[in-house]
Amino acid sequence: PGAAALIARHATGSFRDALGTLEQLVTYAGGERIQPADVLAVLGVADAEQLFEAVNAVIARDPAQALRAAAQLAASGRDPGQVLRDLEIHARELLTVRVLGEMPPELRVTPERDQRLAEQAAAVSQTDAVRLLDLVSAALDATANGAQPRIQLELVLIKAAEPEVDQIGRASCRERV
């Protein structure tokens, strides 16, 4: 069920994309039962554990741990641009659960992961969740314009973990304009 949920969420409503991913997974799994880890490997999606750790660093206001989390995400072999997109999805899910106060059915993957997301959503402030989502969105725009995805990932997590740094950067940009 967790693997099916990941496939469906990645396909974002496209049956053809879901079917194509499933065909790749059948080959990848070699006749074995398809596990969520298989889906993560085939799709190049950042490991949920690493995303939780990155957001935990933000919640703890620990920029050094945030930078270490960015390094772990980058060292996982995943494309840093994809990691940013995965972080965007995670931040959106956190914000959704935080605002609604419950886990909507469309976000459910596995009971363990759902519980962890609910706990993290309860621990993050709504302001921090919005800031994280905003920072990721800006980083994705920057990478679309040629910025290095890994540097953008590092900046997102450091700025999210230390909002004062983000405010200094924004004030400096306004002075130049």
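Positions are given from 1 along the sequence.
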Problem - side-chain contact (heavy atoms from CB on, under 4.5 Å) assessment of Asn56 paired with Asp62 - result: CA-CA 9 Å; Asn56 283 341; Asp62 187 343; over 6 Å; no
Exercise for the section: Heavy atoms only: give me the nearest Asp38-Tyr28 pair and the separation to one decimal. Expected result: OD1-CE2, 3.5 Å
Practice task
For the pair Gln120 and Leu51, evaluate side-chain contact (heavy atoms from CB on, under 4.5 Å) and give the outcome as yes or no after the intermediate values.
Solution key: CA-CA 11 Å; Gln120 196 169 59; Leu51 292 173; over 6 Å; no
Completion exercise
Connected to Leu19, directly or through other members, by ILVMFWY side-chain contacts below 4.5 Å are Phe15
Exercise for the section: Give, for atom CZ of Arg98 and atom CG of Leu95, the distance between the pair rounded to the nearest 0.5 Å. Expected result: 9.5 Å
Practice task
Could you tell me whether a side-chain N or O of Thr96 sits under 3.5 Å from a main-chain N or O of Arg92, the two making a donor and an acceptor?
Solution key: yes
Handout entry: Heavy-atom closest pair, residues Arg113 and Leu107
Key = NH1-O, 3.0 Å
Exercise for the section: Taking side chain to side chain donor-acceptor pair (under 3.5 Å) as the test, write out the residues that go with Asp114, two or more places apart. Expected result: none
Practice task
Supply the atom-to-atom distance Ser125 OG to Leu94 CG, rounded to the nearest 0.5 angstrom.
Solution key: 11.0 Å
Problem - Any Gln82 side-chain heavy atom under 4.5 Å of Pro149 side chain - result: no
Exercise for the section: Run the salt-bridge test on Glu49 and Arg116 with the 4.0 Å N-O cut-off and return the result as yes or no. Expected result: yes
Exercise for the section: Look at Arg150 together with Asp79 and state whether they make a salt bridge at an N to O cut-off of under 4.0 Å. Expected result: no
Practice task
Answer yes or no: are there more than 12 heavy-atom neighbours, outside Glu106 itself, under 6.0 Å from its atom CD?
Solution key: yes
Problem - Test: Asp134 and Arg131 ion pair at under 4.0 Å - result: no
Problem - Minimum side-chain heavy-atom gap Glu93-Met103 below 4.5 Å - result: no
Exercise for the section: Just do the side-chain contact (heavy atoms from CB on, under 4.5 Å) check on Val136 and His90 with the steps written out, would you? Expected result: CA-CA 11 Å; Val136 173; His90 187 80; over 6 Å; no
Handout entry: Side-chain ion pair, Lys159 and Glu164, N-O less than 4.0 Å
Key = no
Problem - Distance-only donor-acceptor check, side chains Gln115 and Glu119, under 3.5 Å - result: yes
Practice task
Determine, stepwise, if the pair Ile34 / Leu22 fulfils side-chain contact (heavy atoms from CB on, under 4.5 Å).
Solution key: CA-CA 9 Å; Ile34 297 170; Leu22 186 56; 3.9 Å; yes
Fill in the blank from the handout: Output for pair (Ile59 CD1, Asp128 CG), nearest 0.5 Å, gives 8.0 Å
Handout entry: Any side-chain heavy-atom pair of Val124 and Val58 under 4.5 Å
Key = no
Handout entry: Atom pair CD/CG of Glu88 and Asp86 - distance to nearest 0.5 Å
Key = 9.5 Å
Exercise for the section: May I ask you to test the Leu153-Leu157 pair for a side-chain heavy-atom distance under 4.5 Å? Expected result: yes
Problem - From CG (Leu84) to CG (Asp141), nearest 0.5 Å - result: 11.0 Å
Problem - Minimal non-hydrogen separation, Ile158 against Pro63, with atom names - result: CG1-O, 4.1 Å
Exercise for the section: Would you kindly confirm whether Val55 and Val130 end up in one hydrophobic cluster when ILVMFWY residues are joined by side chain heavy atoms under 4.5 Å apart? Expected result: no
Problem - Student check: side-chain heavy atoms of Pro104 and Val97 closer than 4.5 Å - result: yes
Fill in the blank from the handout: Smallest heavy-atom separation, Ala3 atom then Gln35 atom, equals CB-C, 3.8 Å
Problem - Side chain to side chain, Leu73 and Arg68, heavy atoms closer than 4.5 Å - result: no
Exercise for the section: Could you tell me which non-hydrogen atom of Leu140 sits nearest to which non-hydrogen atom of Gly81, and how far apart they are? Expected result: CD2-O, 4.2 Å
Completion exercise
Of all heavy-atom pairs linking Ala147 and Gln152, the shortest is CB-NE2, 3.7 Å
